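The next block holds one structure in the form of structure tokens; read it before the comments.
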Amino acid sequence: MKESLSMSPEEYADHFLENDGQLARVKQNIAEKGMPDISIAPGYGRLLTMLVAATKAAQVLEIGALGGYSGICLARGLTPEGRLTSLELKQEFADVALEHLTEAGFGGQVDYLIGQAVDSLEMLKQEGRKFDFFFIDADKENYPVYLEYAIELANPGAIIAGDNTFLRGRTLNLDKNGPSVQAIRRFNEQMATDDRLIGTILPAYDGLAVAMVKPQGQ
């Protein structure tokens, strides 16, 4: 009896989405430089572009630049006047990200802040900066902290997205209770239930939580 061949939903989607030469070169360069292979999945990268474009976000804040894969996805949704502010712990990662954003034609629309993300977020808060879209993809133990800052820095109706909310299955495993797992569980719960947000969790790939910051009074 011949076995049937089947694909996972993610593999099926990637069949259509992984023909992006520009993003493929970014992933290859990230691997060649020995950087972590933790860029956002192609399907969710496309979703970031769509959400930024659909919401007409003019000011986008990215927490965790890595090699610029997600930065390109975010920037693709910007208008020519829009700007991406990206927080990155390591200068060498930010340099690679800027190189890739520049090659993609977005180098003039991105600013990198180097150092601990919490310090950069506090500085942005003190400066009175406001943003229309947030993408969180950094150290998992601080996801709940980053979420609180995002809500404080948000314009009414801003979108917040957080990647890797399943931690390759650890979030779903009740036997796993390390600091990162507990932090992500708190983050997921808040994204879905906080009265200040309208949120959901998308269960494909490694999980993506998405929420809208409610305008005051709603």
Side-chain angles (χ1 to χ4, degrees), residues 5 7-52 60-78 84-117 120 133-143 146 161-172 176 178 180-181 183-184 202-210:
L5 298 177
M7 297 181 285
S8 70
E10 292 86 354
E11 289 171 332
Y12 179 78
D14 286 347
H15 174 72
F16 302 104
L17 298 171
E18 287 190 326
N19 59 353
D20 189 312
Q22 189 172 75
L23 292 178
R25 287 191 297 275
V26 171
K27 287 201 72 171
Q28 181 180 355
N29 201 23
I30 287 173
E32 290 175 352
K33 292 180 180 296
M35 298 168 66
D37 182 19
I38 53 174
S39 298
I40 192 169
Y44 284 157
R46 182 72 61 87
L47 179 61
L48 291 183
T49 301
M50 293 170 57
L51 288 173
V52 172
V60 175
L61 180 63
E62 175 185 45
I63 304 175
L66 190 64
Y69 187 105
S70 59
I72 290 174
C73 295
L74 293 164
R76 283 176 172 178
L78 287 171
L84 170 65
T85 300
S86 184
L87 313 186
E88 175 52 53
L89 177 64
K90 299 182 178 181
Q91 181 69 60
E92 59 268 30
F93 285 8
D95 290 343
V96 173
L98 178 57
E99 176 186 337
H100 289 148
L101 267 289
T102 301
E103 290 174 355
F106 303 114
Q109 290 181 265
V110 60
D111 301 303
Y112 289 95
L113 301 180
I114 311 303
Q116 296 290 340
S120 296
F133 196 100
F134 300 82
F135 178 55
I136 303 172
D137 190 10
D139 54 304
K140 308 313 174 189
E141 291 185 35
N142 275 318
Y143 264 43
Y146 299 152
D163 196 22
N164 304 121
T165 56
F166 291 163
L167 290 177
R168 291 182 167 85
R170 285 183 291 152
T171 305
L172 314 177
K176 301 293 185 180
S180 294
V181 173
I184 289 294
L202 306 181
Y205 299 102
D206 196 29
L208 186 78
V210 183

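When a residue number appears, it is its place in the shown sequence, counting from 1. Worth saying up front: this structure is predicted, and the values here are computed from it rather than measured. Computed from heavy atoms alone, side chains included, the values below leave out hydrogens, waters and symmetry copies.
- Q116 CD: 12 or fewer foreign heavy atoms inside a 6.0 Å radius.
- Of the possible polar contacts, none joining the T85 side chain to the D111 backbone as a donor-acceptor pair under 3.5 Å is found.
- Classified by interplanar angle (parallel below 30°, tilted 30° to 60°, perpendicular above 60°), the ring pair Y146/Y143 is tilted.
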Does the side chain to side chain contact (heavy atoms under 4.5 Å, CB included) test come out yes or no for I30 and D37, once each step is laid out? CA-CA 7 Å; I30 287 173; D37 182 19; 5.9 Å; no
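- Once rounded to the nearest 0.5 Å, the distance linking CD of E92 with CG of D95 reads 7.5 Å.
- Of all non-hydrogen atoms in S70 and I40, the two that sit nearest each other are CB-CG2, 4.1 Å.
- With Y44 contributing its side chain and A204 its backbone, the two residues share a donor-acceptor pair below 3.5 Å.
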For the pair L47 and L202, evaluate side chain to side chain contact (heavy atoms under 4.5 Å, CB included) and give the outcome as yes or no after the intermediate values. CA-CA 11 Å; L47 179 61; L202 306 181; 3.6 Å; yes
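- From K90, atom NZ reaches atom CD1 of I114 across 12.0 Å, with rounding to the nearest 0.5 Å.
- Remark: I184 CD1 to L172 CG distance equals 11.5 Å, nearest 0.5 Å.
- Not one N or O on the side chain of E62 forms a donor-acceptor pair closer than 3.5 Å with the backbone of F135.
- Taking 4.5 Å as the limit, some side-chain heavy atom of F166 sits within range of a side-chain heavy atom of P203.
- Distance OH/Y69 to NZ/K27: 6.0 Å, rounded to 0.5 Å.
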Test side chain to side chain contact (heavy atoms under 4.5 Å, CB included) on L167 and K176 and set out the steps. CA-CA 11 Å; L167 290 177; K176 301 293 185 180; over 6 Å; no
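- In summary, D20 and R76 engage in a salt bridge, as defined by a charged side-chain N under 4.0 Å from a carboxylate O.
- Minimum interatomic distance between L17 and G43 (heavy atoms only, all atoms of both residues): CD1-CA, 3.4 Å.
- Considering all non-hydrogen atoms of both residues, L48 and A161 come closest at CD2-CB, 4.3 Å.
- Taking each heavy atom of I63 and A117 in turn, the nearest pair found is CG2-CB, 3.9 Å.
- In this structure, D14 has no salt bridge (charged side-chain N to carboxylate O under 4.0 Å, His left out) partners at least two apart in sequence or on a different chain.
- Listed by chain and residue number, K140 satisfy the salt bridge (charged side-chain N to carboxylate O under 4.0 Å, His left out) test with D137 (two or more places apart in sequence, or in another chain).
- Residues E11 and H15 fail the side-chain proximity criterion, which asks for heavy atoms closer than 4.5 Å.
- Distance CD/Q109 to CG/L74: 12.0 Å, rounded to 0.5 Å.
- When atom types are taken as modelled, the side chain of H100 and the backbone of G67 share a donor-acceptor pair closer than 3.5 angstrom.
- The minimum heavy-atom distance linking L23 with C73 is given by the pair CD1-SG, 4.0 Å.
- For L66 against E88, the heavy-atom pair with the smallest separation is N-OE1, 3.0 Å.
- From L98, atom CG reaches atom CD of E103 across 10.0 Å, with rounding to the nearest 0.5 Å.
- Looking at D206, its side chain does come within 3.5 Å of a backbone N or O of R168 through a donor-acceptor pair.
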